[in-house]
Peer 1: 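Can you read through this structure? Questions will come right after.
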Amino acid sequence: MASAAELKQILKQDKDGKNLYDHLTETVMKIFLDRPGNAFDMFELISAEVKANPLNPEMEANKSVPPTAEEVEKQLAWALACSKLLKRPDEPPELNVRFPDLMDDMALYEWAGVSFGRSDTYRLYLSVKAFAESLPAEVERLRLFGMIKTRGQPYYVVEGITAEDPEGLDEMTQEGKAGANKYTYWVTQSCESNSWVQLPNVTMEQIVAARKFKKYMTGNLDAPISSFPPFPGNESNYLRTQIALICGATCVSPAGYFELNEDEDPPVVKLAEAETLNEAFPKPAQELKEPDAWVHHEIELNAIGRCTALPEQLDDNGDPIEPDEPVETTPPLKGIEAEQWAFRVGPGGSGEHAGSLVVAKSLVFPGALAIAAATRFVNIYVGYGMVYSPTTYSPPLPGALQVEWVPGEEEEPLLETEDVRADPTPPKEEGEEEED
């Protein structure tokens, strides 16, 4: 009779690198791991599954790879940053700036197809809350503008009211808080970080240049912008410019939320009175999914990058100078253009009812959304900060070469003067003898 060792050797006879002994070992191991209730009846099926997906019986190969020192350091830094946000202060902080309740808004975002994840949303909420506690009361409120994706880490953007115009503001080159710089923006690249960086104000030249090219951002605010035509600034300026363009083109709301303040000159948009809001809202979903029910509550930038008209310029005699090509400004509370927006209801289909929320999706800036539900609405943007184009983007070609100057009827042509020939040898001084 053969011994156990001999029988084991028989089972280990290889055929194409496989043997019955290893197969039986893997099959029994899988039974121990899965613990099926009817292992006897399922043995053939388990055996076939192991043949198709063999296990590795070597325990050393199944051990997890320990993290490196660099990975451990990153994990500890992340945990420390989160613990700072989660720590309750000894005394309630003085809060002068309102901030968004992102945990409540998250439900609306998800109906629109946007989600940062519950954990990230909560950490972002805590970060925005801690940041609001450090701001002066002049900022009034913060709003989550959204997230702009880059080739690296994305930018989370919050928006606040501009407290005051910078000193030495030149209204001919950039607007103040009455125009394109009405809001101040801060960005961070980490949900758990409490480090928010303020973006610079935007200028008219930057807005005009940014409309002429497309570029993915790198995730580095100090990175240069290589483009044609040249952009005057780095990535922080370019990011601020795209935010201004997106805000003006996609910040829409149901008609009736805002009204014009006629006491200001020029009139400005303000939140409607509480009595007016109570009479106008909530609106049924059937009405809100029509383009006529929505308006722009932020003024869109015109062709020269302004929300307001240029200051009046005077000549030497003090008379106003009329521009050769006047550029009109966009009127406040302008209705939206139906071909630039798409609408859907949530819940829709058989679940649609009068109280369903309505999502307005921008077709000009993909990722820009407005969600209206009952008596409130939110705007958010999640995208690459680029305008939609149905064709493949190609950089603009250089401008045409300038033609040679041609004199007019009463102008004399330019004549090339003849070359003057002169002996370059300096004159000799008196008494100096000539050399042989």
Side-chain angles (χ1 to χ4, degrees), residues 98-116 121 124-125 128 132 139-149 154-162 180 182-187 199 239-240 242-259 269-272 277 281-283 285 288-289 291 293-301 307 330 332-337 340-346 357-388:
R98 291 178 286 118
F99 57 91
D101 185 355
L102 297 184
M103 303 309 296
D104 188 29
D105 294 344
M106 182 176 62
L108 299 182
Y109 297 157
E110 289 178 348
W111 275 109
V114 173
S115 177
F116 303 128
T121 301
L124 183 60
Y125 161 75
V128 173
V139 178
E140 295 185 17
R141 62 164 180 83
L142 290 180
R143 177 180 79 90
L144 178 65
F145 176 84
M147 180 180 72
I148 295 185
K149 303 176 183 178
Y155 293 117
Y156 295 93
V157 186
V158 294
E159 170 191 281
I161 302 293
T162 300
K182 174 182 179 181
Y183 300 109
T184 300
Y185 293 90
W186 295 268
V187 299
L199 297 179
L239 174 61
R240 176 64 181 88
Q242 292 300 327
I243 290 173
L245 292 170
I246 295 169
C247 181
T250 66
C251 281
V252 299
S253 58
Y257 262 105
F258 296 91
E259 61 187 12
V269 178
K270 69 169 186 176
L271 185 67
L277 291 175
F281 296 94
K283 293 183 178 180
L288 288 175
K289 65 181 182 181
W294 296 77
V295 295
H296 289 268
H297 58 266
E298 299 294 346
I299 300 178
E300 191 171 1
L301 301 174
C307 297
T330 306
L333 296 180
K334 170 190 170 186
I336 69 172
E337 299 182 20
Q340 295 182 356
W341 293 86
F343 298 89
R344 65 182 180 88
V345 180
L357 59 82
V358 176
V359 179
K361 179 180 179 181
S362 173
L363 303 180
V364 177
F365 280 97
L369 303 164
I371 308 112
T375 59
R376 66 191 184 113
F377 78 95
V378 292
N379 293 107
I380 192 168
Y381 176 81
V382 178
Y384 287 95
M386 292 187 187
V387 68
Y388 169 75

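In this text the structure is predicted, and so the values were computed from the model without any measurement.
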Peer 1: Please examine the side chains of L333 and Y257, heavy atoms only from C-beta on, and report whether any two atoms are closer than 4.5 Å.
Peer 2: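 Not touching, per the 4.5 Å side-chain cut-off.
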Peer 1: Would a 4.5 Å heavy-atom cut-off, applied to side chains only, mark N379 and H297 as touching?
Peer 2: yes
Peer 1: May I ask you to test the I148-V187 pair for a side-chain heavy-atom distance under 4.5 Å?
Peer 2: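 I148 vs V187: side chains apart.
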Peer 1: Which residues satisfy the side chain to side chain contact (heavy atoms under 4.5 Å, CB included) test with W111, sequence neighbours excluded?
Peer 2: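 By the side chain to side chain contact (heavy atoms under 4.5 Å, CB included) rule, W111 matches P347, L357.
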Peer 1: State, to 0.1 Å, how close F281 and A255 come at their nearest heavy-atom pair, and which atoms those are.
Peer 2: CZ-O, 3.7 Å
Peer 1: Grab the two heavy atoms, one from A272 and one from L277, that are nearest each other, plus how far apart they are.
Peer 2: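 Of all heavy-atom pairs spanning A272 and L277, the closest is O-CD1, 3.7 Å.
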Peer 1: Just wondering, do Q340 and V252 contact through their side chains at under 4.5 Å, heavy atoms?
Peer 2: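 In short, these two side chains do not touch, never coming nearer than 4.5 Å.
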Peer 1: Looking at side-chain heavy atoms only, is the closest gap between L301 and C307 below 4.5 Å?
Peer 2: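 Side-chain contact under 4.5 Å: yes.
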Peer 1: With Y183, which residues qualify under side chain to side chain donor-acceptor pair (under 3.5 Å), at least two apart?
Peer 2: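 Testing Y183 for side chain to side chain donor-acceptor pair (under 3.5 Å), a comparison that skips the adjacent residues, returns E298.
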Peer 1: Is any NZ, NE, NH1 or NH2 atom of the basic residue among R143 and E140 found under 4.0 Å from an Asp or Glu carboxylate oxygen of the other?
Peer 2: no
Peer 1: For F145 and Y381, take the angle between the two ring planes, folded into 0 to 90°, and tell me which bin it lands in: parallel under 30, tilted 30 to 60, perpendicular over 60.
Peer 2: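 Aromatic pair F145/Y381 classed tilted.
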Peer 1: Is V364 close to Y388 at the side-chain level, that is, under 4.5 Å between some pair of heavy atoms?
Peer 2: no
Peer 1: Mark yes when over 12 heavy atoms from residues, nucleotides or ligands other than K283 sit less than 6.0 Å from its NZ; otherwise mark no.
Peer 2: yes
Peer 1: Contact between D105 and I371 at the side-chain level, heavy atoms closer than 4.5 Å - yes or no?
Peer 2: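 With C-beta onward as the side chain, the pair stays apart.
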Peer 1: Angle class for the F116/Y109 ring planes (parallel below 30°, perpendicular above 60°, tilted otherwise)?
Peer 2: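 Answer is perpendicular, since the angle exceeds 60°.
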Peer 1: Starting at CD of E159, measure out to NZ of K182 and round the result to the nearest 0.5 Å.
Peer 2: 8.5 Å
Peer 1: State, to 0.1 Å, how close A370 and W294 come at their nearest heavy-atom pair, and which atoms those are.
Peer 2: CB-CZ3, 3.8 Å
Peer 1: Considering non-hydrogen atoms only, spot the tightest contact between W341 and A249 and give its length.
Peer 2: CZ2-O, 3.8 Å
Peer 1: Set out, in order, the CA-CA distance, both residues' side-chain angles and the distance that settles side chain to side chain contact (heavy atoms under 4.5 Å, CB included) for W186 and V139, then state yes or no.
Peer 2: CA-CA 12 Å; W186 295 268; V139 178; 4.2 Å; yes
Peer 1: What pair of heavy atoms forms the shortest contact from L142 to P100, and how long is it?
Peer 2: O-CD, 3.3 Å
Peer 1: To check you understand the geometry: which heavy-atom pair defines the closest contact between A285 and V345, and what is its length?
Peer 2: CB-CG1, 4.3 Å
Peer 1: Side chains of F365 and L245: does their closest heavy-atom pair fall under 4.5 Å?
Peer 2: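 SC-SC contact between F365 and L245 confirmed.
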